Amino acid sequence: MGVPLPIALNPGFNVSRVSRQSLATFVNMYAEPGSGKGTFTGIGYPGQIEIGQFDPIRGIYADPRFGGAFHVVAGTSWLTVTADGASTTIGTVPGADLVEWAANAYQIACIANGRMFVLDVPNNVFQENTDPDFLGASSIDCVNRTGIWSVPGSDRFQISAIDDFLSVAALDTARAESSVDPIVAVRAVNNEPWLFGTRGVEPWPNTGAANFPFERRTVNQNVGCIARDTVRVFNNTIAWLGYDAASDTLGVFIGAGYDAQPISGFPVARLLERTAYPERARAIVWGVEGHEFYTLTTDAGSVTYDAATGIWHQTASGTWPMGDAP
């Protein structure tokens with residue numbers, strides 16, 4: 001099987017001799033290895049269909065354990081949306097920024113503006129977490145039916161009771177230990193919580209101890225996290241937009257064991273250097289025809305990484321004539 005040829009990311013990603021640089025760009029297309037040395041096929045992925053009018057969408061969550069409906073925060077409304085676009089309002093989620101989701105066996109939690117809103121799915125009860133020991137939340141995930149979230153603007157995190165996001169004890173709080181840096185994101189990686197700080201990443205496996213069930217794993221990690229909404233479980237590991245303290249550079253990293261492996265390369269690095277607000281970047285993970293993709297969107301452009309080939313391509317939305325792609 002031949003090795004796919006690299007496709008330069010143009011325009012603006014690299015220098016090209018092609019007069020119309022867009023013609024040398026893979027836009028919304030990915031490479032697939034073929035037979036023969038150096039051959040590959042460029043495949044365009046299908047356009048997406050819009051269902052309903054729910055702008056501005058701040059987050060979407062779907063879990064087969066809770067039926068076929070999507071949970072959508074659009075504007076300040078938490079909605080359930082079925083495949084035909086019919087929606088039902090669940091409650092109000094204030095703010096305008098993107099939200100985060102987590103679920104245990106019975107509840108779905110939504111984090112917005114430091115607050116936590118919880119839907120008890122079997123009983124269809126929506127309420128805010130008002131536990132006096134709740135210190136606020138900026139990022140959340142769930143491990144072994146236990147919620148774990150970061151306290152806004154600090155290196156602390158809290159955990160919930162099993163299957164109850166609304167219950168937290170004062171002693172169910174700990175601090176990230178390797179660096180005194182704020183926690184940007186909390187993610188479960190292979191059922192193990194990772195805390196993404198601004199200057200380092202810490203795994204905290206569940207040891208089952210009676211006093212506090214999570215314990216920090218000793219890892220030497222000098223790569224932090226820039227943007228919460230870029231941290232996504234991807235290709236059986238984790239990917240994120242990070243900051244390498246040793247080289248003082250931004251990059252896209254994936255977890256390789258407990259190490260941070262850079263995958264961005266020179267063209268994407270140039271994109272990141274032009275990004276005015278990297279902390280506002282966001283990413284989604286999706287797949288088609290056996291390919292798993294990580295799409296990173298910044299104010300300087302959008303690119304997609306293919307786990308199957310290790311190749312990036314440019315991503316764009318809208319309608320344009322052939323040869324005029326951005």
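What you see below is based on every heavy atom in this structure, not just the backbone, and it leaves out hydrogens, waters and symmetry mates. Worth saying up front: this structure is predicted, and the values here are computed from it rather than measured.
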J.: Side chain to side chain donor-acceptor pair (under 3.5 Å): which pairs involve residues 86-99, sequence neighbours left out?
T.: none
J.: Going from CG on D306 to CD1 on I311, what distance comes out if it is rounded to the nearest 0.5 angstrom?
T.: 7.5 Å
J.: Check for a donor-acceptor pair, side chain of N104 on one end and backbone N or O of I162 on the other, with a separation under 3.5 Å.
T.: no
J.: If you round to the nearest 0.5 Å, how far is CZ of F134 from CD of Q158?
T.: 7.0 Å
J.: Compute whether any side-chain donor of one residue and acceptor of the other, for Y258 and E192, lie under 3.5 angstrom apart.
T.: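 On atom types as modelled, these side chains qualify, holding a pair under 3.5 Å.
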J.: W240 pairs by ring pair (Phe, Tyr, Trp, His ring centres under 6.0 Å) with which of F196, F234, Y294?
T.: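 Result for ring pair (Phe, Tyr, Trp, His ring centres under 6.0 Å) with W240: F196.
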J.: Has the side chain of N235 got a donor or acceptor atom that lies under 3.5 Å from a matching backbone atom of T237?
T.: no
J.: Between N144 and N191, is a side chain to side chain donor-acceptor pair (under 3.5 Å) present by the stated rule, with each step listed?
T.: CA-CA 7 Å; N144 295 336; N191 208 37; 2.7 Å; yes
J.: Decide if the gap between the ring center of H291 and the ring center of Y305 is smaller than 6.0 angstrom.
T.: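 Judged by ring-centre distance (under 6.0 Å), H291 and Y305 do not meet the cut-off.
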J.: Treating N129 as the side-chain partner and D131 as the backbone partner, does any N or O pair qualify as donor plus acceptor under 3.5 Å?
T.: yes
J.: Donor-acceptor pair, D141 side chain versus A188 backbone, under 3.5 Å?
T.: yes
J.: So that I know where these two stand, are W204 and F157 an aromatic pair - ring centroids less than 6.0 Å apart?
T.: yes
J.: Would the F266 and W312 ring centres measure less than 6.0 Å apart?
T.: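 Centroid separation for F266 and W312: 6.0 Å or greater.
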J.: How long is the span from the CG atom in L272 to the OG atom in S264, to the nearest 0.5 Å?
T.: 6.0 Å
J.: For T295 and W286, test the side chains for any donor-to-acceptor distance below 3.5 angstrom and give the result as yes or no.
T.: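 Present: a donor and an acceptor within the cut-off.
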J.: Say whether, by atom type as modelled, one donor and one acceptor occur between the side chain of T298 and the main chain of G301 under 3.5 angstrom.
T.: yes
J.: Checking R58 side chain against V93 main chain: does a donor-acceptor pair fall under 3.5 Å?
T.: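 It does hold such a pair.
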J.: Salt bridge or not for E100 and R228, using N-O below 4.0 Å?
T.: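 Counted as a salt bridge, because a side-chain N and a carboxylate O are separated by less than 4.0 Å.
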J.: Could you state the interatomic distance from CD1 (I284) to OG1 (T315), rounded to the nearest 0.5 Å?
T.: 8.5 Å
J.: For the residue pair F126 and F117, does the interplanar ring angle fall in the parallel (under 30°), tilted (30 to 60°) or perpendicular (over 60°) class?
T.: parallel
J.: Ignoring hydrogens and geometry, is there a side-chain-to-backbone donor-acceptor pair from D163 to A105 under 3.5 Å?
T.: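 The answer is yes, because a donor-acceptor pair under 3.5 Å joins these two groups.
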J.: Looking at CG of L296 and CG of L241, how far apart are the two atoms once the value is rounded to the nearest 0.5 Å?
T.: 6.0 Å
J.: Please confirm whether the backbone N or O of V223 pairs with a side-chain atom of R199, one donor and one acceptor, at under 3.5 Å?
T.: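 The answer is no, because no donor-acceptor pair under 3.5 Å joins these two groups.
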J.: Indicate the atoms forming the closest heavy-atom contact of F253 with A260, along with that distance.
T.: CD2-CB, 4.1 Å
J.: Return yes if some donor-acceptor pair links the side-chain N/O of R232 with the main-chain N/O of A283 below 3.5 Å, else return no.
T.: yes
J.: State which residue, out of W101, F70, Y61, fulfils the ring pair (Phe, Tyr, Trp, His ring centres under 6.0 Å) condition with W78.
T.: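 Only one option passes, and that is W101.
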J.: Whether the side chain of R156 engages the backbone of G153 through a donor-acceptor N/O pair (distance < 3.5 Å, no angle test) should be reported.
T.: no
J.: Any chance you could measure S150, atom OG, to L195, atom CG, to the nearest 0.5 Å?
T.: 8.0 Å
